[in-house]
Chemist: 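Can you read through this structure? Questions will come right after.
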Amino acid sequence: MEQIIKSVKPTLSATSLKNYITNINKLHKSLQLKDTDITNLNGWIFKRDKIMDFINSLKTPNTRKTYISNMITLLKYNQNQNQNDKYLSFSFTFKIDKYNTELQYYIQLAKDNQKNIAYTQKTNNPLEEKVISMTEYNKLISLTETDYPREHLQFSILKEQPIRNELSSLILIKNADYTKLSLKDRMENNYLVLGQKIRIVRGNYKTAKLYGIKDKEITNKKLKSLIRKYIKDNNIIFNSPLFIYKDKPQSQNDISQRLSYVSNKLINVKLSTSSIFKIILNEVRNRNIDNQEKVDIITELGKIRGTDFTTLNNYYVFGKIDKLDNDSE
């Protein structure tokens, strides 16, 4: 399945590729076709009724979007494979027509679903987003200090560097060792680099293909002390994962569940790395400073995360911030 997906989408990151495979496995399993191998696409991708039963059962337009995209990828692969057939026959022509019809169905479905997403984003009440104030977020950080040291550190890091769930995958490394790494190792992993400075260096994150390696120093003195204390208290050795959960390296799914669980338990609000980012951006928006300064700060936060200003302004900030026409991103 990996080769099938990569042949259509060769630039997918390792994380995105893994998500594709997981989703397609779920979709195939839902069809309950025990005798049909998942890579035998002709055996199941044309079972539109059953596939749509699964997609329509999904709760949100964004989730449906993911699976529609998966289907488009598989149909494009199948179409490409069959178009390479050397023998043009009536049967072959009929098949190509069938592939085109099926592919166009999901492409149109994707367009319709995108309209639903846009409508949801336009009409969504900010209160439903459960984006708390920075005061409440600071309270959460304080409440986690004693009983939740791992999440305490993670909530603290996210306040200064609001990255995505790849925070879970940081590897502790000496600065001298990081400088010796190959470009391949730097691109495939994420590191907490410890030296005279402490830096978070990410090569494997959602938009890495677009923005490249992100290298950002931790500047907050209290946070730097907290990081060193966490490493010492938990006996974290160099060249090993910074965060362990249930005796194994914490996964991106693990950190998502844990941040949500802990925040809900302590302040009755489920927070994710995305909602934390919204908290930070909207705190900037509400500051008593001019718009250009807000734009500059949010643009810098976007550079850390790997997201452009326009995307942040459209989907993360409640009440858009006007950007000067002559301002560059």
Side-chain angles (χ1 to χ4, degrees), residues 15 134-182 185-205 208 213-267 270-273 275-277 279-280 301 304-306:
T15 300
M134 185 56 70
T135 300
E136 291 172 295
Y137 187 67
N138 287 334
K139 177 184 175 182
L140 171 63
I141 293 176
S142 178
L143 290 173
T144 56
E145 185 171 4
T146 302
D147 296 329
Y148 301 96
R150 180 183 54 238
E151 288 74 28
H152 178 67
L153 177 56
Q154 290 171 339
F155 281 127
S156 299
I157 289 175
L158 289 168
K159 181 179 176 181
E160 179 169 328
Q161 294 198 24
I163 59 180
R164 300 180 181 87
N165 290 343
E166 70 268 11
L167 172 62
S168 67
S169 64
L170 295 180
I171 298 169
L172 180 65
I173 191 171
K174 292 180 181 178
N175 182 60
D177 291 336
Y178 180 79
T179 61
K180 298 175 184 177
L181 291 178
S182 66
D185 285 334
R186 296 185 188 190
M187 288 295 298
E188 291 182 352
N189 298 288
N190 302 308
Y191 299 92
L192 182 79
V193 183
L194 201 60
Q196 288 186 336
K197 298 179 179 179
I198 300 178
R199 296 144 50 214
I200 291 179
V201 185
R202 298 142 52 224
N204 186 0
Y205 61 98
I213 293 174
K214 291 289 182 181
D215 187 332
K216 184 66 177 177
E217 181 184 354
I218 297 286
T219 58
N220 184 285
K221 291 183 179 180
K222 184 177 180 180
L223 179 55
K224 288 194 288 186
S225 297
L226 181 61
I227 290 171
R228 294 185 186 277
K229 182 178 185 301
Y230 180 86
I231 292 169
K232 181 179 179 181
D233 290 348
N234 291 277
N235 299 312
I236 310 295
I237 62 174
F238 287 108
N239 303 308
S240 66
L242 181 65
F243 297 117
I244 300 296
Y245 179 64
K246 293 184 177 180
D247 299 321
K248 62 180 182 180
Q250 189 176 40
S251 70
Q252 293 196 31
N253 186 54
D254 290 335
I255 192 174
S256 177
Q257 292 183 0
R258 285 297 298 172
L259 294 182
S260 177
Y261 169 79
V262 172
S263 59
N264 188 51
K265 183 175 182 179
L266 296 178
I267 62 171
K270 293 181 179 181
L271 294 181
S272 64
T273 53
S275 56
I276 291 168
F277 193 32
I279 292 167
I280 293 165
L301 289 169
I304 293 171
R305 187 177 175 87

Chemist: When you compare the side chains of R150 and N234, does any donor N or O come within less than 3.5 Å of an acceptor on the partner?
Modeler: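 N234 and R150 do not have a side-chain donor-acceptor pair below 3.5 Å.
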Chemist: Given 3.5 Å as the limit, does a donor-acceptor pair link the side chain of S263 with the main chain of L259, or not?
Modeler: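 Looks like yes, one N/O pair under 3.5 Å.
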Chemist: Can any side-chain N or O of Y178 pair as donor or acceptor with the backbone N or O of R186 at less than 3.5 Å?
Modeler: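 Pair absent, no side-chain N/O of Y178 close to backbone of R186.
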Chemist: Report yes or no: do N138 and K159 form a side-chain donor-acceptor pair below 3.5 Å?
Modeler: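 Yes, a side-chain donor-acceptor pair sits under 3.5 Å.
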Chemist: Test side-chain contact (heavy atoms from CB on, under 4.5 Å) on I163 and N190 and set out the steps.
Modeler: CA-CA 12 Å; I163 59 180; N190 302 308; over 6 Å; no
Chemist: Rounded at 0.5 Å granularity, tell me how far CG in L143 sits from CD1 in I267.
Modeler: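 Those atoms lie 8.0 Å apart.
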Chemist: Parallel, tilted or perpendicular: which one describes the rings of Y230 and F243, with boundaries at 30° and 60°?
Modeler: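 The rings of Y230 and F243 sit tilted, inter-plane angle from 30° to 60°.
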Chemist: Are side-chain heavy atoms of Y148 and K265 found at a separation under 4.5 Å?
Modeler: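 Counting from C-beta outward, Y148 and K265 do come under 4.5 Å.
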Chemist: Would the distance check show the side chain of E151 and the main-chain N or O of V262 forming a donor-acceptor pair, the cut-off being under 3.5 Å?
Modeler: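 Side chain of E151 to backbone of V262, a donor-acceptor pair under 3.5 Å: no, none is there.
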Chemist: Do side-chain atoms of H152 reach the backbone of I141 as a donor and acceptor pair under 3.5 angstrom?
Modeler: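 Checking the backbone N and O of I141 against the side chain of H152, a donor-acceptor pair under 3.5 Å is found.
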Chemist: Do you know which two heavy atoms are closest between P241 and P249, and how far apart they sit?
Modeler: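 Shortest heavy-atom separation between P241 and P249 comes out as CG-CG, 3.8 Å.
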Chemist: With rounding to the nearest 0.5 angstrom, report the CD to OG distance, Q257 to S251.
Modeler: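 If we round to the nearest 0.5 Å, Q257:CD and S251:OG are 7.5 Å apart.
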Chemist: Quick one: side chain to side chain donor-acceptor pair (under 3.5 Å) partners of Q252, sequence neighbours excluded?
Modeler: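 Residues passing side chain to side chain donor-acceptor pair (under 3.5 Å) with Q252: none at all.
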Chemist: Decide if atom NZ of K224 counts as having more than 12 heavy atoms of other residues, nucleotides or ligands within a radius under 6.0 Å.
Modeler: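 Check passes, neighbour count above 12.
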Chemist: Once you round to the nearest 0.5 Å, how far does CG of L194 lie from CD1 of I218?
Modeler: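 Between L194 CG and I218 CD1, I get 11.0 Å after rounding to 0.5 Å.
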Chemist: Would you check, one step at a time, whether the test side-chain contact (heavy atoms from CB on, under 4.5 Å) holds for K214 with I304?
Modeler: CA-CA 7 Å; K214 291 289 182 181; I304 293 171; over 6 Å; no
Chemist: Given side-chain contact (heavy atoms from CB on, under 4.5 Å), test Y137 with I280 step by step and report yes or no.
Modeler: CA-CA 9 Å; Y137 187 67; I280 293 165; 5.7 Å; no
Chemist: Ignoring hydrogens and angles, tell me if any N or O in the side chain of S275 forms a donor-acceptor pair with the backbone of S272 under 3.5 Å.
Modeler: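 Side chain of S275 to backbone of S272: a pair is present.
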Chemist: Under the side-chain contact (heavy atoms from CB on, under 4.5 Å) rule, what do L181 and N189 come out as? Steps first, then yes or no, please.
Modeler: CA-CA 11 Å; L181 291 178; N189 298 288; over 6 Å; no
Chemist: Shortest non-hydrogen contact from R164 to R305?
Modeler: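 Taking every non-hydrogen atom into account, NH1-O, 3.0 Å.
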Chemist: Measuring from atom CD1 of I198 to atom CD of Q196, what distance do you get when rounded to the nearest 0.5 angstrom?
Modeler: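 One finds 11.5 Å between CD1 of I198 and CD of Q196.
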Chemist: Give, for atom CG of L158 and atom CD1 of I276, the distance between the pair rounded to the nearest 0.5 Å.
Modeler: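 Between atom CG of L158 and atom CD1 of I276 there are 5.0 Å.
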Chemist: Nearest 0.5 Å please: distance from the CD atom of Q161 over to the OG1 atom of T219.
Modeler: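 One gets 8.0 Å once the value is rounded to the nearest 0.5 Å.
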Chemist: Keeping R202 on the side-chain end and L167 on the backbone end, is there a donor-acceptor pair under 3.5 Å?
Modeler: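 Not a single qualifying donor-acceptor pair exists.
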Chemist: Locate the shortest heavy-atom distance separating G195 from N175; write the atom from each residue and the value.
Modeler: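 Closest approach of G195 to N175: CA-CB, 4.3 Å.
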Chemist: Out of the candidates D215, I171, N204, N239, only one should pair with Y191 under the side chain to side chain contact (heavy atoms under 4.5 Å, CB included) rule; please name it.
Modeler: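 Option passing the side chain to side chain contact (heavy atoms under 4.5 Å, CB included) with Y191: I171.
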